[in-house]
Structures are given as C-alpha cells and as structure tokens.
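Here the structure comes first, spelled out in structure tokens, and everything after it is commentary.
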Amino acid sequence: MRETPVAVRGTGVTRRHAVMLRLVGAGVMLTVMADTTATTLAVGVLRYTPAGAGMPLGDLVWLTSAAFIPIAALLATAGRWADLFGRRRVLAFGLVVFVAGGVATVAASSWSFVLAARAVQGAGAAAMIPASLGLLLGELPESQRRGAIALWSSASGLGCLLMQAGGGWLAATVDWRALFVPDVVIGIALLIACAALPSGKRGTAKGVPDVLGAWLLAAGIAVIVLAISKAMAWGMDVVWLAVAAFALLGGALAQARHHRMPAIDLALWRQRKFVWGWLATWFFGALSYGLLTVQPLYLLHLGYPMLEVAMWLTPTSVAVVVTSYVAGKLLKHIGAYGLIYAGSLLCGGACVLALTQSGPTVWGLIASVVVGMGVGALAPGTSVATTLAAHPSQYASAVGAATMARMVGGAVGIAVVSLVIDHPFILTGPLAGLAGALAMCVAISVFIGAIALTKITRLRTDPGDDMIKVPRRLLLELRMTLATVAAEADALLPVETRTTPRDHIPRPRAAESSETYGTTHV
C-alpha cells in the first residue's frame, strides 16, 4: 500500500522534498567551491609549468576572476529572477549554463576562449547560488532555516576538500583542464535532481528585470579588478580605469533607483543589519579567496610536486568542513557575529604563525588547520548575519547580494594578492611577495574582527526592535520597591482617603522568584 507523504511541520513540504532541498542546495555550493578550488590549483600548475610560462601571475588569476565577475554582477539580478519567476526554474537554467561553460573550458584550445568559457560558468553559478538557498529558506519552516544555511555554507568546505584531495592527482596525471571535469559531472547530477524539488514560491510583480544595470555592474567590477591587477604594469593609466569603474557603478545605482525590477535591490540597503553583514561578508571573501590563492603558490614555489601540495592543503579543508558543522550548532548560543569574531581571530592568528615559519613545518601545518577553522566559522556566520536580515520575500535577493559581496571581495582579494606576490613593496627575500600577501590577510582579519566586535558591543538597539531583554529579578525588585513606596505614602494619608490597604500590596509568586530572563516592551 502506498504511503502518504508526511509534511514537515509548519509547511506543506514533504520530508522527501525537505531532504532533496538540503541535498541539492548543498550540492550547488559544493560544486561552486570545487570549481573555485580547481581554478586556484590550475593557476598554481600554470605558474610553475611550461604551459603557463611567460604569463604574469596577474594574467593567470583571471582564470578565477573571469568567473567571479559575472557571478558577482549577476547574483542580484538572478536572485530577483528567482524570487519572481520561480526558484527551481532559475536553478535549472543556471545548471544548464554552468555545465555548458564547464564543457567549453575543458575543450577550448586558446586562452581567450578558456576565459570566455569561465565567464559562462560564472553566469550559470550566479543563477544557481541564490535560487538554491532561496528554495531552502522559502520552503523549509523557520525553525530549520539556520541549520539549512549552516549546511549550505559548510558544503563549500566539502567541495574544497574533495577538489584538493583529488585535484592534485588529476593535475599531475592528466592535465590542468581535467580539474574542471568533476564540476560538469556533478552539475549534470544536480540538474537531474531538480525534478524532485518543489517549484518554489513566486512573486506577483510583473516586468522585465534591469539587464542594463546588471551589465553596468559587471563592467564596473571587471574594470576594478583589471585596474588592481595592472596597477604596476600600467602606472598612472589605472587612474582612468578607476574613474571609469566608478562611473559604471554609478550608472548601475542610477538604474536601480528608477527601475521597477532593479539589478541591485536598494530596499535591502535600508536595513542596517544587512549592511553590517554585507561588509563582513565582503572582507571575508577577500580573506578566504586570498588565502586559497596563496597556499598552493607557496608550496609550489618551494618545489613540492602537485600530489604533495594537495596532501598539505587537505587538512585545511577538513578543518573547514568540521568547524562549519560545529559552528551551525553554536549559532543559537553565540550568534552570527560571535562566530565572525572567533573566525577572524583564528584566521589572523594562523597567518601570524605562518609568517614566523620559513617552510612547511609542523607549526605551518597547525597554522593551516587553524586557517580552516577560522574560515569554517566565518562562512556560516556571515551567511546568517546577512541573509536572515532580509524579509522572507527577499531571501533569494539577499542571498544574491551577500554572495555578490563575497565574490567581489574574492575577486579584489585575489587581484591584490597576485599584485603583492609579483611586486613586494616592503619585505625582501625569496618569499617576500608571499609573506606580504599573508601580512595583508592579517590586516583583513583584524578589520573583520573589528566589524564583529562593534556589532556585538554596540549599545543602541536597531530601529524596529520591539522588545528588550531585562532580568526578571530586576523587574521584581522594582515592583516591590514601588509597592513599598506606595504603602508608606498611603500610611501618611488620612484614614478616610486611603484607597489601597497595606494587606492588598501585591506580592511575588513563588514561581517568579527565579532569576530567569524575561522580556518587556519598550
């Protein structure tokens, strides 16, 4: 006899759908992060093999930036499309584009075609990311959303782990292009799994999304990254690039102010909680992707073969996966900004420890693990701090804007790291560039920690807060004090004017004598 599907409490989603939502959402982040890790490994291979001989590091890292720029630019628009036209539909479309770009990356013969294919993959990922988490948050009950976000974020660490563990073997035994084959295979599997997902809620607004604004945003981000990567080679000419970038970004904002369905959802930026989370996420992107670029380059610079490089990098990814899972459990106790503060301390301390080492040592391995722990705490912390600041109808838009911040920060971070590695400014010696890049990561960690600490310790409440927490013991003491004053005042009055006999003074119930916390309206 066929069983009736059991719905998840509080929603119409069946348990089978809830499981598939988690699996597909986690699979999307696993695939995107595996793709990013593949590019950082490919950059390292090309840097130290004849295949990329003669190409400066600033040009090689465009293998990553070519995907990051369309992701960052199109995430907001894709999030709006997902909210308005159906999240499952946009997810499936993104998977098709991503797989097509991956096939082209593996098959392309020239460097220009490779970068174009990477841009196509980035466009597909831009649709996949907000649609997948939008489905999770829109279909699951509120009590399960924090756990879903933690799983979604921690899956990126698993993708990094799998690619670092198997990518070294692929690059060493086949070719650097083989690093992108697993993404294609997983993407096809996720596309098939989309048929088992609920369609997702759709908005009621009609109209054409702001495509022009999205193109202006993409062009502005691309020009910023180009200006950073070519700062030393082009000299003062990059000033004109900076001017052009600000003009393009200004055009995108102008479009957002007047368009009915803008590429940038300005309503999110009117919420202070979202702005704080966005800033922390931006700098987290710069930190995490900068470290992801430095690690393999450092080991390959020391002459380690690719297989051994992968072995050295694997503990970092293991730490990311384990810490992300634990961090998901700690969210209810220390909050999102508590996780962000702890993660920034771990990353900054690990980078300082790594700076004291002259090569791969036990302490260097410990630093690598601590970096993974820091990133594992920062990933769910920044995701929750940014995403849950939005209204439920804006979940996919918030995911798009938050991930845009992470990707823009990552693109800028990679460009700055490559510039510092190729052109050390202060330090000297054979590892001056790599040491300078680590020093920059320390500075970014300190800034992230300052953002989190400011948010944790600020005294004023956010506008719109209706409740504040007050110890119940203080409320009871205040009530007894007021009652005593009222009784003494009543005793001084003439008998005929007394209204409340002393015997009727309210006394606390026994159950109220505990020191548990309560709430009161303000």
Side-chain angles (χ1 to χ4, degrees), residues 39 43 55-80 111-123 125-126 209-259 261-266 268-269 275 278-279 281-283 285-286 289-290 293 400-423 425 440 444:
T39 60
V43 168
M55 294 183 66
L57 182 59
D59 290 343
L60 290 175
V61 295
W62 274 91
L63 193 65
T64 303
S65 299
F68 274 20
I69 290 169
I71 291 177
L74 297 175
L75 272 170
T77 300
R80 293 282 292 170
W111 185 249
S112 299
F113 283 117
V114 169
L115 295 183
R118 293 291 299 145
V120 171
Q121 276 196 288
D210 183 13
V211 179
L212 176 59
W215 280 109
L216 290 172
L217 183 62
I221 296 170
V223 173
I224 289 174
V225 175
L226 180 63
I228 294 172
S229 61
K230 296 295 184 181
M232 298 302 296
W234 292 358
M236 292 301 296
D237 289 340
V238 299
V239 174
W240 297 107
L241 288 177
V243 172
F246 281 112
L248 290 167
L249 294 176
L253 289 174
Q255 280 287 109
R257 288 174 60 89
H258 299 97
H259 203 281
M261 296 172 59
I264 303 172
D265 191 354
L266 295 180
L268 290 171
W269 292 90
V275 175
W278 192 94
L279 284 174
T281 304
W282 195 97
F283 284 100
Y289 290 116
T293 302
T403 314
M404 178 189 74
R406 183 171 174 177
M407 292 300 178
V408 173
V412 173
I414 290 172
V416 171
V417 162
S418 65
L419 178 65
V420 173
I421 291 175
D422 270 350
H423 305 280
F425 296 102
M440 291 200 63
I444 296 173

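The CG atom of L217 sits 6.5 Å away from the CG atom of L249 when rounded to the nearest 0.5 Å. The CD1 atom of I421 lies 10.5 Å from the CD1 atom of I414; values are rounded to the nearest 0.5 Å. Within the model, atoms OG of S65 and CD1 of I71 stand 11.0 Å from one another, a figure rounded to the nearest 0.5 Å.
In this structure, the side chain to side chain contact (heavy atoms under 4.5 Å, CB included) partners of V416, at least two apart in sequence or on a different chain, are I228, V412, V420, M440. For A411, the side chain to side chain contact (heavy atoms under 4.5 Å, CB included) partners two or more places apart in sequence, or in a different chain, are F68, V225. Checked against side-chain hydrogen bond (donor to acceptor under 3.5 Å, both in side chains), T64 has the following partners two or more places apart in sequence or in another chain: T39. Every residue two or more places apart in sequence or in another chain that forms a side chain to side chain contact (heavy atoms under 4.5 Å, CB included) with A245 is listed here: V223, I224. Here A222 pairs with I69 under the side chain to side chain contact (heavy atoms under 4.5 Å, CB included) rule; sequence neighbours left out. Partners of T293 under the side-chain hydrogen bond (donor to acceptor under 3.5 Å, both in side chains) rule, at least two apart in sequence or in another chain, do not exist in this structure.
Taking 4.5 Å as the limit, some side-chain heavy atom of M407 sits within range of a side-chain heavy atom of Y289.
Atom CH2 of W111 has more than 12 neighbouring heavy atoms from other residues, nucleotides or ligands inside a 6.0 Å radius.
Across every non-hydrogen atom of L216 and A252, the tightest pair is CD1-N, 3.8 Å. Taking all atoms of both residues into account, the shortest heavy-atom contact from I444 to F283 is CG2-O, 3.5 Å.
One N or O on the side chain of R118 and one on the backbone of L63 form a donor-acceptor pair closer than 3.5 Å.
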